[in-house]
Structures are given as structure tokens and as C-alpha cells.
Amino acid sequence: MSRVNPVLARALRPTPLLRLNVAHRGRVRRLGLKLEDHGPTGSVKDRSAVGLLRSLHDERPLVPGTVVVESTSGNLGLALARLLPALGCDFLAVVDLKTPHSTRRSLTDSGARVIVVDRPDGLGGYLLSRLSRVRELCADNPGYRWPDQYGNWAAPAFHRRTTGPELTEQAGPELGAVYVPVSTGGTLAGISAHLREHRPDVTAIAVDVRGSLAVSGSAGRRLVPGIGASRPSVFLKTPHSYDRAVHVDDIEAIAVCRIIAEDIGLALGGSSGCAVRAMLTDQEAVGTDDRLAVCLAADGGAKYRDTLYSDNWANEQGVAKEITSAVEQLRSEGLFFDRKHQEH
């Protein structure tokens, strides 16, 4: 009997919602952080991995010895590297130079074979180069299986059935808006679909970083991994995929991450900093009500201590002064985070 379905059925656990008060520009707002770093491998991609592997297995059974290959900036790779050995399958992770070294080590330690793509795609990242390498590998090895996180609708469907209901139940009737960072767009597409059906009073906001084409905009430099893409998301092209989009500056997002760590001792991933910065910008711009705003914190900051939280890295990237200035500016605007309580 196949062990795939039992393994995947036990693969996930709920993640908590942390409630904060956020002071900014003379006003205190209520913020919820959906802490996906409490998942098995520390990111929202734990959920995506389960949905994608179920889809592969339903299409054609995943038998021991199957080789699964996927393009990943890191988090989905870690999730797949955890699950596939339990299924007797092998994993080939195609990453790039922006993937943290700690993530690459974790992938290798989990038994994955790691291929590092070093050719930029000319659009501010490596995504198109990674996808090209995956296609080459599949063409040369017809037995390889490719979940295709950037085009497989199984991931949004899984977030619609799981992430969305869990989030809205934890937030309760006071929920007014959800801010979701976009890379593939699958998480937002799934959560938004759930909201349209069950909580149409709640606004779904796409959070993208400047220099990304995931939602709209023009290609350029991107410092923060885990958010943005070198092409538009295929999951966010339909009408009402989300209510509005907010593009944030990655320097300001890094500054927000550092301020949160200083205020409440919580290290978030860069995409989470983007979501919080987008919330502050959006809430002020559109004159929203006093209901709870929830930001999906897609992963934690541990794997970014040598990059986003490192002054040495900032100096190497030539952005140290920019980050310091952004922190000072936000502090001058009164930005301060105060922990309330965590709900499970």
C-alpha cells in the first residue's frame, strides 16, 4: 500500500497568529502576524509542498526511487526535502546565487542534490534561468517529475482549503484586510479565493517588491529573497484574484524587519517585512477602518541572519547607509511594535 497519502496527511500543523499594536504617524493600529515559521520547515511553503505532491501523486503515483526536480529560491525546496525521503523519493533542487548558504546546506543535509544556477535572467533575478535548467533536466531525463510551483494550480487550491480558513478562524469577525507577499502568487490566490467565498467583507492585498514583475511593474534590482519574480504570476491574472496591490521598497522592508526584531525580539523573513511595510503604507493611503489587519509572515529570519540582518552583508551590497537612513526615518515617524498575545 502506498505511504504517500498517510505521510502527507500528517505533514502539517496549524501556525499561530501573533497580535501586535503598531504605532506609526500618531496612530495605533492592530496587526496580526500569521507566523508560518512555526511550520515543520519554517515557511508557508510547507503547505504548498503538500498540495503539489498530492497533485503529482494523483496524476501518477509517486513510487520509491522517483526523482522530483523543482526550481526554488529556498523554502519550497526545504519543504520538499523533508517530505520526499519519507516517500522513498529523491529530490533535485535547482537554486540560485541568492539562495542563502544556510538553506543550501540544509538541502544537502536532507539528502537533496543541489544545482546552483549562476546566470542572471536579465530581469532582476534568476527565476527564468532556474526554470530553463529544470526544463533541460526533464527533457534529458523523461522519468523526472516536476511539481512546477509557478504553474500548478494545486498549490492555490490547497491554500484555499487550508491556509485561508485557518487564518480567518484565528482572526475572527474583526478581520478587515490580509496582506500576502507574492512570489509564485499561489498563496495569495488561494487565500483570496477563500475570502471571496466566505469573507467577502475582507480585503485581499497583493504585496510585491519594486523591481519585480510578479504582480505588475518593471524589472530591477531585488535584495529580498522569497518575494517578487522575473515574470507575472499565472495565478493572479483572473478578475478578482486580489483587491489591490502594494509595491514596497526592499530597503524599507529590511528596515522594518530590523525594527520588529529590536522592539519585540522577533526575526522575520524579508517578505514578511515587505508585508508589514505594505500594510503601513496602504492603511494610511486608503483610510481604512480600525479592523484587524493580518500580514502573512511567510517565514522567519533565522536563515537571513547573515544577509538581511547583517551589517557586513549590507556593506557588501552597498546599502548599509540606505538601511540605516530608512530605520531612522521610520523611527522619526513614530514606528514602534508592541506585542499583545499569540493565538493557536
Side-chain angles (χ1 to χ4, degrees), residues 1-13 15 36-96 99-117 127 130-159 161-163 183-184 186-187 190 225-226 298-300 302-303:
M1 181 179 295
S2 171
R3 52 183 169 175
V4 173
N5 287 326
V7 167
L8 296 182
R10 299 191 300 269
L12 299 175
R13 56 177 179 264
T15 59
E36 290 299 299
D37 66 325
H38 286 244
T41 66
S43 87
V44 72
K45 293 296 187 179
D46 285 312
R47 301 174 187 264
S48 300
V50 171
L52 291 167
L53 291 180
R54 281 184 175 174
S55 173
L56 278 190
H57 185 63
D58 290 344
E59 177 186 300
R60 188 168 78 250
L62 290 168
V63 298
T66 298
V67 177
V68 174
V69 57
E70 181 59 289
S71 160
T72 173
S73 61
N75 285 332
L76 182 71
L78 293 172
L80 292 173
R82 165 182 172 258
L83 293 171
L84 287 168
L87 307 180
C89 299
D90 298 319
F91 180 40
L92 181 53
V94 179
V95 303
D96 61 60
T99 304
H101 287 285
S102 60
T103 298
R104 298 187 217 175
R105 287 193 299 270
S106 296
L107 288 169
T108 302
D109 291 345
S110 298
R113 178 186 166 199
V114 178
I115 294 178
V116 181
V117 170
L127 172 60
R130 291 201 321 257
L131 291 175
S132 177
R133 186 71 179 112
V134 169
R135 293 188 184 97
E136 291 171 359
L137 290 165
C138 290
D140 294 340
N141 303 273
Y144 283 8
R145 307 291 300 279
W146 179 19
D148 188 10
Q149 64 164 324
Y150 284 88
N152 188 340
W153 283 87
F158 194 75
H159 286 291
R161 296 193 304 271
T162 62
T163 318
S183 55
T184 69
T187 304
D299 67 354
K303 65 176 73 71

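If you read the sequence from its start, that first residue is 1, and numbering goes on from there. No experiment lies behind these values; they were computed from the predicted model shown.
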Check whether any side-chain heavy atom of Leu12 sits under 4.5 Å from a side-chain heavy atom of Phe158, and report yes or no.
yes

Donor-acceptor pair, side chain of Glu70 and main chain of Leu92, under 3.5 angstrom
no

Ser55 versus Ala154, closest heavy-atom pair with distance
CB-CB, 3.4 Å

Measure the spacing between NE2 of His38 and OG of Ser43 and express it to the nearest 0.5 Å.
13.0 Å

Spacing of CG belonging to Asn5 relative to CZ belonging to Arg10, to within rounding of 0.5 Å:
11.0 Å

Between Gln149 (side chain only) and Ser71 (backbone N and O only), is there a donor and an acceptor less than 3.5 Å apart?
yes

If every non-hydrogen atom of Val63 is compared with every non-hydrogen atom of Cys89, which pair is closest and at what distance?
O-SG, 3.6 Å

Among Asp58, Val4, Leu83, find the residue that satisfies the side chain to side chain contact (heavy atoms under 4.5 Å, CB included) test when tested with Leu53.
Leu83

So how far is it from Leu84 CG to Thr66 OG1, rounded to the nearest 0.5 Å?
9.0 Å

May I ask you to test the Lys45-Leu52 pair for a side-chain heavy-atom distance under 4.5 Å?
no

Check whether Asp299 reaches the backbone of Gly42 with its side chain - one donor and one acceptor, N or O, closer than 3.5 Å.
no

Any side-chain heavy-atom pair of Arg105 and Thr108 under 4.5 Å
no

Can you tell me how far apart CG (Asp96) and CD1 (Ile115) are? Round to the nearest 0.5 Å.
13.0 Å

State whether the side chain of Arg145 and the backbone N or O of Leu56 hold a donor-acceptor pair below 3.5 Å, judged by distance alone.
yes

Heavy-atom distance under 4.5 Å between the side chains of Val69 and Val94, does that happen here?
yes

Side chains of His159 and Val44, heavy atoms from C-beta outward: is any pair under 4.5 Å?
yes

Short question: side chain of Asn141, backbone of Leu137 - any donor-acceptor pair under 3.5 Å?
yes

Output, in order, the C-alpha distance, side-chain angles, deciding distance and verdict of side-chain contact (heavy atoms from CB on, under 4.5 Å) for Val50 and Arg54.
CA-CA 6 Å; Val50 171; Arg54 281 184 175 174; 3.9 Å; yes

CG of Asp90 to OH of Tyr144, rounded to nearest 0.5 Å, is 9.0 Å

Distance-minimising heavy-atom pair for Phe91 and Val68:
CD1-O, 3.2 Å

Check whether any side-chain N or O of Ser110 sits under 3.5 Å from a backbone N or O of Ser106 as a donor-acceptor pair, and report yes or no.
yes

Taking Lys303 as the fixed residue, which of Thr103, Thr99, Asp37 is the one that meets the side chain to side chain contact (heavy atoms under 4.5 Å, CB included) rule?
Thr103

Go through the steps to decide whether Arg47 and Thr15 satisfy the test side-chain hydrogen bond (donor to acceptor under 3.5 Å, both in side chains), and finish with yes or no.
CA-CA 11 Å; Arg47 301 174 187 264; Thr15 59; 3.2 Å; yes

Atom pair CG (Leu62) and NE2 (His57), whose distance is rounded to the nearest 0.5 Å
6.5 Å

